Amino acid sequence: MDLEVFNMPADFTSLGRFSAPALYILSSLASGDKHGYAMVQDIIAFSGVRLEPGTLYGALARLERWGWIEPLPARDRRHPYRLTSAGRTALAAQVEHLQQVTAISLGRLTARGEGL
Amino acid sequence: MILTMLIRLYPRRWRKRYEDEFAALLEEIPLTPLTVLDLLLSALDAHLNFGLEEEGIYAMSAQLRRFTLSSFWSWVVYIIAGLGFYGMLDDNPLTKLAHTGSMALHIAVLVVQAGAILALAAMGFGGLLIALAVIRQALGGRRDVLALLAVTPFSPIVVVAYAVIVIPYFTPIFVGNPATDYSSQPGTMAAYLGLIGLFHAAILGSAWAVASAITRCDLGETAFRFTRPAFRLAAPAMLLTLAGVLAWGIIAFLSFPSLFSEALGLYGMNTELSWVLVVIVMGAATAFSGITALCGSPDGAVPQVA
């Protein structure tokens with residue numbers, strides 16, 4: 001199937017409202033495999049953001065479909081997830097993009113004498 | 001118990017994959033109103049994006065079809081609310097004021113009409129290739145599809161036949177005697193309610209038949225070429241109509257409170273209550289259409305990461 005025909009997504013922005021949750025999830029998994037609840041706790045710890053369960057699984061399902069994460073064998077009823085190499089590449093690209101935006105924003109604020 | 005009910009809102013295929021781990025997560029977090037709202041929206045999202053997904057292969061045409069049908073049903077409910085609004089305006093002195101004494105009311109009605117025309121154009125344009133493909137298959141030997149498509153022209157015939165044959169039997173208003181107090185005639189109210197019920201059943205039946213025909217047909221992505229962008233425009237058009245209806249009611253309430261409270265609304269209700277009902281139904285349809293436009297567009301295949 002030619003993905004271009006259907007205007008398929010190519011980056012985080014294509015995730016729409018799930019782009020921010022996806023970034024948190026990939027960042028969380030970058031430090032090791034985790035199941036849903038562990039991800040929620042980890043994301044609260046490093047960002048202060050509490051992902052609601054529906055939003056979490058809406059993003060997880062998309063990331064799994066895209067091949068950016070993969071489920072591991074279930075422990076009890078929980079499926080841990082692992083960041084794939086494609087997911088690591090996508091996360092790195094997004095972080096680099098955010099760094100550029102942050103640097104530009106900071107530079108503009110500093111130039112106007114409104115530095116942090 | 002509540003958790004089970006909430007999880008059951010998700011499509012079967014989604015539950016087959018995620019139910020156990022999702023339930024385990026829900027058991028570990030507090031169930032707040034915000035969480036419940038998130039679950040409701042997420043369940044809708046899952047229906048729009050995962051309900052028809054095939055094992056291992058993302059079924060784009062299935063998702064387009066689901067997006068199309070969700071938008072279509074939103075529009076049908078919006079049309080019912082819109083017909084209610086126009087039924088409310090019929091023989092209402094506020095309508096005469098909109099033409100003669102109140103520019104604000106007139107503008108509000110124009111906004112309603114503009115929104116309705118835009119929504120109709122968006123749905124018509126977006127559904128054009130689908131309609132042609134469905135008709136082609138119906139004429140090409142698909143008798144089940146042909147029978148379903150026949151429901152749409154057949155429905156208004158039934159309503160008109162009922163109005164012409166049954167109603168005059170019970171009520172004199174249809175036979176040219178407006179002075180008669182028809183509400184006191186035996187059977188009149190039942191006949192009138194029957195007409196209302198039949199009218200709504202005809203609309204919903206026609207919509208169901210069209211939706212079923214689309215579901216049954218073997219439609220490729222080509223048929224949905226214009227659907228996504230056009231149907232996405234229908235949501236703001238519906239919002240424009242809703243804004244017009246809201247403005248009309250607020251202007252009427254503030255400027256002509258005595259007329260607004262008269263029993264000149266739908267089915268003998270006063271105009272106020274009729275307006276509130278129309279706003280609620282149209283608002284729900286518009287909200288669903290907006291959610292569908294935002295959540296239900298295909299976005300789910302493997303992206304190419306640089």
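No experiment lies behind these values; they were computed from the predicted model shown.
With hydrogens and angles ignored, the 3.5 Å screen pairs a side-chain donor or acceptor of B/D38 with a backbone N or O of A/T55.
Contact check for B/D20 versus A/D76: no side-chain heavy atoms found under the 4.5 Å cut-off. The shortest distance between side-chain heavy atoms of B/F22 and A/P53 falls below 4.5 Å. In this structure, the side chains of A/R62 and B/D45 come closer than 4.5 Å at one or more pairs of heavy atoms.
The greatest number of non-hydrogen atom pairs below 4.5 Å with chain A, out of B/L34, B/L40, B/L26, is found for B/L34.
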Assess whether side chain to side chain contact (heavy atoms under 4.5 Å, CB included) is satisfied between B/I29 and A/R50, documenting all intermediate values.
CA-CA 11 Å; B/I29 59 170; A/R50 181 181 186 274; 3.7 Å; yes

Stepwise side chain to side chain contact (heavy atoms under 4.5 Å, CB included) check, B/Y18 with A/E64:
CA-CA 12 Å; B/Y18 295 107; A/E64 185 185 347; 2.7 Å; yes

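Around CH2 of B/W208, the count of heavy atoms belonging to other residues, nucleotides or ligands within 6.0 Å does not exceed 12.
Side-chain atoms of A/Y37 and B/E21 include no donor-acceptor pair closer than 3.5 Å.
Contact detail for B/S42 and A/G54: the closest heavy-atom pair is OG-O, 3.2 Å.
Ion pair B/E19/A/R77 not flagged as a salt bridge, since none of the NZ, NE, NH1 or NH2 atoms sits closer than 4.0 Å to an Asp/Glu carboxylate oxygen.
If you take CG on B/L39 and CD on A/E52, they are separated by 7.5 Å, rounding to the nearest 0.5 Å.
With a 4.5 angstrom heavy-atom cutoff, A/A61 touches chain B via backbone and side-chain atoms both.
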